[in-house]
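Naming: A, B, ... by sequence-line order, numbering from 1 per chain.
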Amino acid sequence: MRYYWELWGRRFDSPIILASGTAGFGLELMEQNNLHGAAAVVSKATTLKPTPGNPPPRIVETKFGLLNSIGLANPGVDEIVKTILPEADSLPIPLIVNVAGETVEEFPAVIEKLERSPVPFGYEVNVSCPNVAAGGMVFGASPSTVEEIARLVNSVTSRPFSVKLTPNEGSITEAAQAAETGGADSVTVCNTFLGMKMNWRTGRAPLKRKVGGYSSPALLPLTVARVYKTCEAVDIPVLASGGVSCPEDVLELLAAGAVMVQVGTWLMRRPDAAGELREGVVRLLESDSQ
Amino acid sequence: MRYYWELWGRRFDSPIILASGTAGFGLELMEQNNLHGAAAVVSKATTLKPTPGNPPPRIVETKFGLLNSIGLANPGVDEIVKTILPEADSLPIPLIVNVAGETVEEFPAVIEKLERSPVPFGYEVNVSCPNVAAGGMVFGASPSTVEEIARLVNSVTSRPFSVKLTPNEGSITEAAQAAETGGADSVTVCNTFLGMKMNWRTGRAPLKRKVGGYSSPALLPLTVARVYKTCEAVDIPVLASGGVSCPEDVLELLAAGAVMVQVGTWLMRRPDAAGELREGVVRLLESDSQ
Amino acid sequence: MIAEKEEILPGIFRFEFEVSEGFLRKAEPGRFVQVEVSSGPFPVTRRPFTISSRSTDSIEIIFEVVGRGTKTLAETDEGQSLRMLGPLGHGYKLNSGEWLLIGGGLGAAGFPGLAASIDCGLMILGAATKNRLLTIDGIKTRAITEDGSSGMKGLVTDLLKTVLWDSFSNIALCGPIAMMKAVIEMMPVESRTVTQVSAEARMGCGWGACEGCSIPGADGGYLKCCTDGPVLPALAVNWDLWEGIHR
Amino acid sequence: MIAEKEEILPGIFRFEFEVSEGFLRKAEPGRFVQVEVSSGPFPVTRRPFTISSRSTDSIEIIFEVVGRGTKTLAETDEGQSLRMLGPLGHGYKLNSGEWLLIGGGLGAAGFPGLAASIDCGLMILGAATKNRLLTIDGIKTRAITEDGSSGMKGLVTDLLKTVLWDSFSNIALCGPIAMMKAVIEMMPVESRTVTQVSAEARMGCGWGACEGCSIPGADGGYLKCCTDGPVLPALAVNWDLWEGIHR
Ligand SMILES: Cc1cc2nc3c(=O)[nH]c(=O)nc-3n(C[C@H](O)[C@H](O)[C@H](O)COP(=O)(O)OP(=O)(O)OC[C@H]3O[C@@H](n4cnc5c(N)ncnc54)[C@H](O)[C@@H]3O)c2cc1C
Ligand SMILES: Cc1cc2nc3c(=O)[nH]c(=O)nc-3n(C[C@H](O)[C@H](O)[C@H](O)COP(=O)(O)OP(=O)(O)OC[C@H]3O[C@@H](n4cnc5c(N)ncnc54)[C@H](O)[C@@H]3O)c2cc1C
Ligand SMILES: Cc1cc2nc3c(=O)[nH]c(=O)nc-3n(C[C@H](O)[C@H](O)[C@H](O)COP(=O)(O)O)c2cc1C
Ligand SMILES: Cc1cc2nc3c(=O)[nH]c(=O)nc-3n(C[C@H](O)[C@H](O)[C@H](O)COP(=O)(O)O)c2cc1C
Ligand code: FES
Ligand code: FES
């Protein structure tokens with residue numbers, strides 16, 4: 001028996017997508033021969049201008065999870081279109097480009113530039129980054145802003161796009177409905193949760209911006225709930241993101257209604273995660289159907 | 001050296017408060033001799049009418065945490081005033097009564113009845129229960145509703161009260177500011193996160209209401225961030241709630257700005273948690289000050 | 001401390017815990033303990049087990065590995081110490097007169113201690129197969145297995161067809177809910193009034209605080225398995241609702 | 001697989017891992033491995049360690065227990081297998097000419113493999129105390145400890161006051177950031193241009209994807225410790241900023 005999953009009219013033999021910010025543009029993984037098992041890869045965030053990112057440390061571990069404060073570090077869309085996308089053309093799987101902006105207008109501006117490249121399969125519109133002052137999750141908290149961004153993006157591309165939502169502010173279901181109204185082809189549920197670590201001896205937070213994005217296998221039930229509620233609220237497909245560390249997690253998110261499932265933090269630990277997860281999923285489905 | 005923590009003008013030799021819903025009215029713990037180390041106990045939710053609570057199962061474990069769907073089960077304020085509060089008068093520590101309502105008006109109605117009892121030290125106004133259809137976290141998501149509830153409560157009692165906020169919808173800092181404006185003496189940050197488990201083989205959620213309140217030691221960094229941001233936003237004291245399972249967690253939340261720290265889920269596992277945590281906190285503070 | 005550990009059937013373990021005198025005195029038949037199965041924080045809650053029997057300085061529990069918590073517990077070695085709360089809850093009302101004990105699978109785990117405290121006329125044990133069937137020494141027992149690998153072949157209810165209900169003035173019943181419900185339905189009404197069931201529910205605290213362990217009550221509302229039970233009069237439970245919640 | 005485990009100093013361990021031929025070939029001096037320290041999911045990320053040396057079928061790492069991950073690793077027994085990624089990153093440019101190796105504390109962990117691949121004139125090692133001072137056989141070494149318990153008493157920079165910088169055409173430098181910065185500041189400018197530093201940063205992936213391991217670059221922006229480094233030209237780093245981020 002063969003299993004298929006579908007996204008934006010295309011069929012894949014795996015439900016696994018590599019999450020933004022944890023797979024680069026897929027090139028390192030291609031070199032390591034670690035892309036098999038992945039249906040697609042979402043790039044790190046692309047912004048209009050080159051962005052150095054936040055001051056280190058950018059990764060801080062807590063007892064049961066990870067705080068990151070990368071801050072959308074990337075060389076800017078021009079450089080990406082010029083040097084990275086041509087290289088990414090040799091990827092064996094589709095590339096979805098993750099896009100961020102400091103203003104509402106920057107989203108279509110970035111995408112217009114990306115449109116010149118034949119490489120992107122689609123876009124993920126990141127209105128939910130917890131690690132930047134301007135834009136980021138502030139956008140995602142406001143349904144009207146989400147709708148406006150989706151509408152602007154929709155007007156400059158015919159490629160499919162997903163809007164990546166925030167769990168930190170506002171209502172994720174209302175934001176999803178706004179994205180749908182604005183013309184998004186799917187939503188990604190969701191970005192990292194706002195988290196923080198404090199050194200009680202010094203009274204200081206290791207992250208320079210104090211708060212960061214928190215991810216952990218222990219957050220899976222939070223994603224399951226948000227995926228389920230979002231699926232009830234919209235008719236466009238939902239991509240799940242958050243907390244996946246084993247094949248059962250993938251199946252749980254699919255059962256909650258997701259069409260595909262992203263893996264991020266776990267991929268940093270296991271660059272071969274996509275293959276492991278896909279195989280595990282298929283094995284479980286086969287054993288279940290017996 | 002002796003350490004003190006303060007809440008509502010009263011001094012305590014422990015920063016630990018027992019969280020609502022996990023300590024009953026403190027009577028079982030008193031019988032077990034497990035109240036030492038606790039500064040105060042917050043009662044389970046009290047509602048205007050007797051509330052049977054949600055259908056079982058009400059407790060479902062996930063790999064790294066706990067989902068609950070209790071649904072504010074309680075015998076109603078009249079019965080509580082008549083039989084439970086008189087018993088609770090013998091508690092060796094102050095009792096804070098947690099109050100919930102299906103309508104905005106029910107909050108002051110419940111508190112008016114509680115005012116007839118000399119027992120409550122103060123109240124915790126629960127605008128954040130994830131496990132009920134009416135009221136609950138819907139209230140907490142709307143700053144104007146939070147402000148109105150705080151104002152109504154303030155008008156019927158001179159006892160101090162804290163408003164317990166939700167991390168699931170809206171903006172926790174705006175809700176905190178609304179509570180402050182409405183006259184709250186403090187805010188509790190925060191109630192459980194919306195979570196869900198799915199059985200992928202059956203496609204069914206074990207909880208009858210599908211989603212429940214998720215708690216876990218792994219959520220501590222989420223509470224730390226929300227406490228920190230809330231402390232930046234308001235001048236009233238912040239009580240921390242969520243993720244505490246060891247003395248370091250307590251100190252981290254205090255360092256983030258909390259005046260006192262609640263323990264809930266961990267108390268269910270360790271009925272002597274308050275004593276353990278207080279001792280650990282004092283030991284760490286002593287070793288640090290050397 | 002785990003003084004003794006034995007795998008009495010495949011995947012079914014008997015643990016003997018050294019306990020204090022004060023603990024022993026309260027370890028009455030039908031009461032339970034809450035065991036912290038892992039030293040790490042996960043799983044978060046403890047796991048409840050009926051006190052199977054007590055000796056002069058120890059108690060025993062008998063448990064089956066069914067999931068993560070019991071698996072971790074089964075991997076704990078003799079000599080190690082585990083945190084254990086209890087004895088908790090209400091046990092059997094140890095009325096005089098002859099008793100009939102009816103147990104399904106691990107439901108019989110609490111019967112050794114109970115049988116030692118009462119006048120046990122007959123014990124009826126059922127299980128899916130021989131490997132799941134507890135044996136309890138020194139008590140007149142009739143067994144039945146679904147596959148016939150030990151005793152008769154069939155369900156507990158099949159065995160019960162020949163029982164002289166009115167010769168027993170007390171009945172103890174413990175097993176899967178569907179089995180207990182079927183047994184109660186086939187009893188004469190008078191027997192129901194003398195039947196005590198040992199109930200199970202997923203527990204949070206185990207000591208009455210969290211309202212997590214609800215069992216639908218016959219009078220509406222819910223009973224707390226941990227403090228109203230776990231042993232309850234059969235007629236105190238709303239069996240239709242209770243069966244319903246277990247899908 | 002951990003073929004050998006030895007506590008060479010209190011809290012400092014040497015692990016020998018059996019590895020494949022392909023792995024060995026790429027295990028050049030200065031490259032590192034990412035070790036999955038726990039079988040459970042926490043801590044979530046791997047831990048990076050410099051490849052200390054290689055033999056015909058194995059590599060060694062030398063590490064100090066400083067926190068949870070290294071503690072767990074130290075508790076792993078000989079014969080157990082661990083997931084290990086690598087060799088990762090860029091190692092030393094193995095230029096010809098005489099080398100000066102300067103190591104602070106565990107910074108010297110990578111020197112055995114390096115010394116075997118180059119013409120090492122002198123190795124200078126510093127540590128807080130004797131118990132933190134690595135010994136590396138067969139190489140001319142001068143040591144200094146802060147408490148004087150081994151070698152001279154003082155800091156590495158004290159030892160370096162007498163060094164004839166221009167007799168070395170290559171310098172390898174590894175240790176705490178403040179120490180490396182002080183060493184570079186006391187060097188003649190020409191020596192700086194031939195100095196390679198082995199950098200450290202908290203890592204996410206270790207293989208270039210996450211942008212987590214940033215080190216402030218001399219030309220603005222950030223370098224990735226894991227793929228631009230860990231071995232970097234001393235002049236590629238913005239030392240003021242880098243020291244700043246470590247409070
Ligand atoms: C008062 C009481 C006394 C008990 N006495 C015994 C005993 O003597 N021997 C014995 O083997 N078992 C006994 N049980 C059941 C035992 O507590 C569960 O089997 C155990 O908690 C399962 O833990 P787990 O982590 O291995 O399973 P999980 O991985 O949590 O779950 C595995 C399966 O067991 C079910 N389950 C989980 N927890 C419970 C629970 N508390 N009650 C019922 N089903 C549950 C789940 O729905 C799931 O299907 C008792 C339960 C109660 C409430
Ligand atoms: C390329 C590279 C090579 C390394 N080689 C060696 C080696 O050969 N021998 C050795 O003993 N150590 C080496 N380290 C450092 C080693 O990785 C850390 O000591 C280890 O990751 C700490 O893990 P932990 O869980 O025990 O500490 P944690 O509990 O995570 O932290 C304990 C302390 O160590 C600091 N720390 C944590 N992670 C790092 C990190 N990645 N880099 C620097 N400081 C950190 C924290 O700020 C904290 O103060 C290397 C680091 C890098 C980046
Ligand atoms: C190091 C790191 C960098 C990330 N960068 C981005 C990013 O640039 N854009 C984005 O939309 N999400 C970013 N994320 C969020 C992830 O794509 C993912 O949604 C989140 O981590 C939850 O999934 P996980 O639990 O599988 O990690 C990043 C996450 C991490 C850990
Ligand atoms: C079983 C259970 C019941 C709860 N009931 C209530 C309640 O009635 N009212 C309330 O405000 N919070 C309730 N809570 C939330 C807790 O008081 C606490 O805020 C939350 O669990 C997070 O803290 P913790 O991680 O220490 O458990 C409940 C939590 C649990 C686990
Ligand atoms: S398990 Fe908590 S009340 Fe029964
Ligand atoms: S650790 Fe991920 S890019 Fe270097």
Side-chain angles (χ1 to χ4, degrees), chain A residues 18-29 31-32 34 41 43-45 50-75 199 202 204 206-208 214-218 220 243 245-246 249 264-272, chain D residues 22 26 34-48 67-70 72 82-89 177 199-217 219-228 237-238 240-247:
Chain A
L18 307 181
S20 177
T22 61
F25 277 77
L27 298 167
E28 293 84 2
L29 290 165
E31 210 171 295
Q32 298 165 15
N34 269 331
V41 54
S43 79
K44 78 178 69 177
T51 309
N54 289 334
R58 294 179 174 182
I59 297 270
V60 169
E61 278 210 63
T62 66
K63 244 196 292 184
F64 306 114
L66 194 75
L67 285 168
N68 88 74
S69 178
I70 309 294
L72 306 179
N74 81 98
N199 181 332
T202 62
R204 291 166 70 165
L207 293 179
K208 296 287 182 290
Y214 183 63
S215 54
S216 162
L220 183 81
S245 71
C246 66
D249 296 347
T265 302
W266 196 249
L267 179 71
M268 303 202 294
R269 170 164 170 157
R270 298 264 174 95
D272 55 351
Chain D
K26 295 179 284 174
Q34 277 275 70
V35 181
E36 209 170 288
V37 291
S38 73
S39 52
F42 311 116
V44 174
T45 63
R46 296 179 184 234
R47 293 293 183 266
R68 182 172 49 145
T70 44
T72 308
L82 290 175
R83 288 171 192 257
M84 189 165 76
L85 286 179
L88 299 166
I177 296 174
E200 286 193 14
R202 290 197 218 173
M203 288 192 176
C205 61
W207 40 272
C210 74
E211 301 277 351
C213 58
S214 324
I215 294 174
D219 306 332
Y222 294 101
L223 301 164
K224 285 191 218 172
C225 180
C226 70
T227 50
D228 294 326
V237 174
N238 182 327
D240 290 329
L241 282 182
W242 199 24
E243 195 188 22
I245 67 174
H246 284 258
R247 274 159 294 160

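Smallest separation of non-hydrogen atoms from A:S216 and D:F42: OG-CE2, 3.9 Å. Across every non-hydrogen atom of A:I59 and D:C210, the tightest pair is CD1-SG, 4.4 Å. In plain terms, the two heavy atoms of D:Y222 and A:P52 that are nearest each other are CD1-O, 3.4 Å. Residues D:P41 and A:R269 approach most closely at O-NH1, 3.2 Å, considering heavy atoms.
At a 4.5 Å heavy-atom cutoff, the contact between A:Q32 and chain D is made by side-chain atoms alone. No part of A:P50 comes within reach of chain D, as not one of its non-hydrogen atoms sits under 4.5 angstrom from that chain. Proximity to chain A involves both the backbone and the side chain of D:E211, based on heavy atoms less than 4.5 angstrom apart. When heavy atoms are compared at a cutoff of 4.5 Å, A:N54 approaches chain D solely by way of its backbone atoms N, CA, C and O. When heavy atoms are compared at a cutoff of 4.5 Å, A:S69 does not approach chain D at all.
Atom CG of residue A:N68 and atom OG1 of residue D:T45 lie 12.0 Å apart, to the nearest 0.5 angstrom.
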**Message:** Show, in sequence, the C-alpha distance, side-chain angles and deciding distance for D:E36 and A:R270, and conclude whether the side chain to side chain contact (heavy atoms under 4.5 Å, CB included) test is met.
**Reply:** CA-CA 9 Å; D:E36 209 170 288; A:R270 298 264 174 95; 2.7 Å; yes
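Just one residue in the list A:S245, A:P217, A:S215 forms a side-chain contact (heavy atoms from CB on, under 4.5 Å) with D:V44, and that residue is A:P217.
Ranked by heavy-atom pairs shorter than 4.5 Å toward chain D, the options A:E28, A:M268, A:E61 are led by A:E61. Between chain D and the residues A:W266, A:F64, A:F25, the largest count of heavy-atom pairs under 4.5 Å involves A:F64.
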